[in-house]
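Just below is one structure, and these are the notes that go with it.
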Amino acid sequence: MLKKFLDPSQLNAPIPGMSLVAQPKNGPWESPPEINTVEEASMYYADMLLDPESQDNILLALEMKGSIEVIAEVITVSSTMNGIHTLDIAFLVNPVVREMLRYIGDISDIEYIDSYDDVQKEDKLPYRIAKKIIEDVVEKDETPTADTAIRSGLMAKIEGRNVPQ
């Protein structure tokens, strides 16, 4: 018979609905933001992104084919979650952060991806070109019949040669 013992640490789980009765203004996003204008946010990101330690992390992300668009969004939204600025400031300052990330990539001679949408558009073959290629292949394709089929392979009978038996 298998006995199941209850681990005391399992009893320390949060009570359902506990988050609904937590103290208000407990999270950083529930307090007034530290930065209120786009200009202040631009200066904040300029200082943050031009810091050598931050640049190392950014360059690592760019070398690993991280998109400028995604990196900028992660940076701005995480600052919103940390109470630095509001979400509307994050949307407004996002193009400035993207331009700074491009600048960092350019001065470091790193090939970067601006947006994954651009990469997907480059990988797609336009319909007209694909249709023309298919038509060319179908026109040139002469399906071999049983009379004209080339015999090959290990068990193929070779005609016109004296094969020792």
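This is a predicted model, so every value here is computed, not measured. As a basis for the values below, the full set of heavy atoms in this structure was taken, side chains included, without hydrogen atoms, waters or symmetry mates.
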Apply side-chain contact (heavy atoms from CB on, under 4.5 Å) to the pair Tyr112 and Asp106, showing each step before the final yes or no.
CA-CA 9 Å; Tyr112 55 83; Asp106 288 341; 3.1 Å; yes
Say whether Leu59 and Ile113 are linked into one hydrophobic cluster, either directly or through other cluster members, by side-chain heavy-atom distances under 4.5 angstrom.
no
For Glu69, does the CD atom sit with more than 12 other heavy atoms under 6.0 Å from it, leaving out its own atoms?
yes
Return the minimal non-hydrogen interatomic distance between Ser115 and Ser67, and the atom names on each side.
CA-OG, 3.6 Å
With sequence neighbours left out, write down each residue that passes salt bridge (charged side-chain N to carboxylate O under 4.0 Å, His left out) with Glu99, or none if nothing qualifies.
Arg102
Is the side chain of Ser54 donor-acceptor paired with the backbone N or O of Leu50 at a distance under 3.5 Å, no angle test?
no
Whether over 12 other heavy atoms sit under 6.0 Å from Glu135 CD:
yes
For Lys65, all residues meeting salt bridge (charged side-chain N to carboxylate O under 4.0 Å, His left out), sequence neighbours excluded:
none
Quick one: do Met48 and Ile71 end up in the same hydrophobic cluster if we chain Ile, Leu, Val, Met, Phe, Trp and Tyr together by side-chain heavy atoms under 4.5 Å apart?
yes
So, do Thr86 and Thr80 sit near enough that their side-chain heavy atoms are less than 4.5 Å apart?
no
Which one of Ile68, Thr76, Val74 satisfies the side chain to side chain contact (heavy atoms under 4.5 Å, CB included) criterion with Val97?
Thr76
With Asp51, which residues qualify under salt bridge (charged side-chain N to carboxylate O under 4.0 Å, His left out), at least two apart?
none
Spell out, as yes or no, whether a donor-acceptor pair under 3.5 Å connects the side chain of Ser108 to the backbone of Ile110.
no
Under 4.5 Å between any side-chain heavy atoms of Tyr45 and His85, yes or no?
yes
